Asks: 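Dropping a structure here in structure tokens format, bear with me for questions.
A, B, ... follow the sequence lines: proteins, then strands. Residue 1 opens every chain. Bear in mind that the values here come from a model prediction, so they are computed numbers and not experimental data.
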Number of protein chains: 2
Amino acid sequence: MTKKQRQKATLAEVAAMAEVDVSTVSRVLRGQSEQRIRAETKERILEVAKKLNYRANYTARALRMSRTFTLGIVVPQLDNPVFSAAIRGAENVAAKNGYSLLISHRDPGDAGTTIAKLSQMNRVDGLLVASLDADEVLRSDLAEANVPYVLLNRQLPGTALSVVLDSREAARRATEYLISLGHLRIGHLGGRPGGFNAQERLAGYKMALEAADIAFDPSLVTMGDYTFSAGRESVRELAKTDATAIMAATLVSAAGAMAELRLAGWQLPQEMSVIALHDALFAEMLFPALSTVMMPTEEMGRVAADLLISKLSGADPEPVLALPPGRLIVRDSTVAPRSGARTSK
Amino acid sequence: MTKKQRQKATLAEVAAMAEVDVSTVSRVLRGQSEQRIRAETKERILEVAKKLNYRANYTARALRMSRTFTLGIVVPQLDNPVFSAAIRGAENVAAKNGYSLLISHRDPGDAGTTIAKLSQMNRVDGLLVASLDADEVLRSDLAEANVPYVLLNRQLPGTALSVVLDSREAARRATEYLISLGHLRIGHLGGRPGGFNAQERLAGYKMALEAADIAFDPSLVTMGDYTFSAGRESVRELAKTDATAIMAATLVSAAGAMAELRLAGWQLPQEMSVIALHDALFAEMLFPALSTVMMPTEEMGRVAADLLISKLSGADPEPVLALPPGRLIVRDSTVAPRSGARTSK
DNA sequence: TAGGTATGAACAAACGATTGTTCAAGATCA
DNA sequence: TGATCTTGAACAATCGTTTGTTCATACCTA
């Protein structure tokens, strides 16, 4: 049984066995200021440490250094592929830098409690915050935080650190692609009217139209939120128009739109092309498989964690980092428009 | 600016302001052994603590009590809805009990490191472990753990604590439903041949057939793993048979099967009914919307966290807890077979 | 050879809580 | 009134590190 060996060995035990002081052991094991230690002593200590399978007690270290080497991430939803990707990215970077990731799901209801709890109890050194809340709500939540934080895909006027996706460019690219297929009447299934990202996407959509000399028609734009059911509802408006293609703000609303159209008897993609921003496995699972502009959400998580860690290390990084959209992924949901447009249904 | 107030107040500061000893403050704030404290003193301390917005320093407490009040959860994938649901459940229960949840994504590659790292550094009091690894790999990983752990939807002979879903009953129920629709030739799109859960599902499938006096036909069973592409491949076998319905092990493989059949020109659900185990939002996004037997994965997370916490509190709970499957959710992917079966394609 | 500088390691003070023990003063009793 | 018991709170040790300071020894230099 090696059980005994696995039990936590303390610095004191290593010190005793190596017949030196704990401080010496600590210095050797930390690897810093090696100058002041005889090679022979160092070796002896290293040997004993290995034999005892010594691991620094994380808690003691955290107390002494008043740093927990833990990052918290607060997300509104855990099952949204966008957030899980961000979490994965953040976790990777955190781990790579010796940090752990504390996850905290926060229902839009319980304002602030999570952020406050994590940061005020000194559980985390910093916070990664993704929120769907309105600006004021988020702002007042963050006021409770007594640690540095980075916002995910969100911008809040002020000095807050943020990592944002370039929704505008992504929207532009998606729209541009539809145009390149020959579509002239392109609907936009957008996000919440007030939201920053919704505006950005709309702007990108307009840019693409403009570049192609297509007049912007407000009746082709419907705003909802980012849910499946909102997608279904919104698309009913577009179905009444002569749109031949839809650029959707996100995967799930695109899925809603396709489901609804199909139920109404439309042939997809022949009668309506659909493209969405963001990409995930299930874009491929839809029928027709959904064309998308991939958004680097995992990288957003990585970059945010990086930013936070560098901030924690004393750096003073750029407050806002924008990530370019990823590549266009053409699947089966986008085709050239048929010569004769469908009249209505 | 209330900034100053928000800075971490220590026990000593509260004690000083209330003109008592730290130990007294601690006792009052812990709420234990209240007997030995004058009501008046207690009140004064409480008042000061509130004024100073005192929060116990989590790290100091952890060191002193040698408990971190943190649970670790190790998952193989972060974007799989099954795991995110489990995480959500675990996080809820953890939070409710004053624990935090440390998340750790563990690629099937880096054997053991994660578990060892978390537990040997005293970062967590216990571990929730979800793994797709083979038994021996998992077992050797766990040998490194020097904290209690609970396995998620996995059983490992021995005394390990587990929470498992009743895959057998779920499979039975799904199959039973297909039979009730009139299907007699039912295919099963299963999981990894060696896996415990795969066996269970197969057993449930057989039970339902038997109960309906339908002979078991091995050629109607194909095993793969739980991915989209595996679903596509496996279903080709079934397409060659006279099966009129498929009971799939999980959502994504069902989605793969549907995608493949459709590409091959099948009419769904008329020519092939499909039902899957597990439920998530995207079952509704598929076309036709996928019928499922819901599996309580979120509850699995909750129960597992509960189990772990009770174990940490000194209880000696049942090693294996089985959760009954949830209800049958009938959507559009399952219909009665047509009188004349499709011959082939 | 005496005085000064490196060198290597021990000493000791935190970090901020929890908790067993001690102790002064007031209450109780004979 | 003196001895004993309660009560309320202070004292003090401890958890396992990190890190500034002290200190003995050996080494130089003059």
Asks: Without decimals, in angstroms, what is the distance between Ile45(A) CD1 and dG8(C) P?
Replies: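 Going from CD1 in Ile45(A) over to P in dG8(C) covers 13 Å.
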Asks: Will you find, in the side chains of Thr59(B) and Arg123(A), an N or O donor that is under 3.5 Å from an N or O acceptor?
Replies: no
Asks: How many Å lie between CZ on Arg67(B) and C1' on dG16(C), as a whole number?
Replies: 19 Å
Asks: Is it true that the side chains of Tyr149(A) and Ser162(A) contain a donor and an acceptor less than 3.5 Å apart?
Replies: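 Ser162(A) and Tyr149(A) do not have a side-chain donor-acceptor pair below 3.5 Å.
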Asks: Quick check: on DNA chain D, is the nucleotide nearest Asp21(B) upstream (toward 5') of the one nearest Thr24(A), or the reverse? Name the residue that is more 5'.
Replies: Asp21(B)
Asks: To the nearest Å, how far apart are Arg44(A) CZ and dA9(C) P?
Replies: 8 Å
Asks: Given atom OH of Tyr58(A) and atom C1' of dC15(D), what is their separation to the nearest angstrom?
Replies: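 Computing the Tyr58(A):OH to dC15(D):C1' distance gives 16 Å.
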Asks: Run through Met300(A), Arg154(A), Glu299(A) and flag the one making a side-chain contact (heavy atoms from CB on, under 4.5 Å) with Val163(A).
Replies: Met300(A)
Asks: Please tell me if the side chains of Ile309(B) and Tyr99(B) come closer than 4.5 Å, counting only heavy atoms from C-beta onward.
Replies: yes
Asks: At less than 3.5 Å, do the side-chain atoms of Ser23(B) and the base atoms of dC11(D) form a donor-acceptor pair?
Replies: yes
Asks: Rounded to the Å, how far apart are Arg55(B) CZ and dC15(C) P?
Replies: 22 Å
Asks: Please confirm whether the backbone N or O of Leu63(A) pairs with a side-chain atom of Ser66(A), one donor and one acceptor, at under 3.5 Å?
Replies: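 No, Ser66(A) side chain to Leu63(A) backbone: no donor-acceptor pair under 3.5 Å.
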Asks: May I have the distance from Lys42(A) (atom NZ) to dT7(C) (atom C1'), rounded to whole angstrom?
Replies: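 It is 16 Å, rounded to the nearest whole Å.
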Asks: Just checking Glu19(A): base, sugar-phosphate only, or nothing, at a heavy-atom cut-off of under 4.0 Å?
Replies: sugar-phosphate
Asks: Report yes or no: is there a donor-acceptor pair, N or O only, under 3.5 Å between the side chain of Arg27(A) and the base of dG20(D)?
Replies: yes
Asks: Please work out if Thr41(A) contacts a base, only the sugar-phosphate, or nothing of the nucleic acid, heavy-atom cut-off 4.0 Å.
Replies: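 Result for Thr41(A) = sugar-phosphate.
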Asks: Checking contacts here: which listed nucleotide (dT17(D), dA17(C), dA10(D)) is nearest the side-chain heavy atoms of Leu11(A)?
Replies: dT17(D)
Asks: Taking atom P of dC5(D) as reference, at what distance in whole Å does atom CZ of Arg36(B) sit?
Replies: 14 Å
Asks: Without decimals, in angstroms, what is the distance between Arg61(B) CZ and dT17(D) C1'?
Replies: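 After rounding, the gap between these two atoms is 20 Å.
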Asks: Measure from the side chain of Asn57(A), starting at C-beta and using heavy atoms only, and say which of dT17(D), dA9(D), dT19(D) lies closest.
Replies: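 Within the option list, the nearest is dT17(D).
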Asks: Among dG8(C), dA17(C), dT19(C), which is the nearest nucleotide to the side chain of Met65(B)?
Replies: dT19(C)
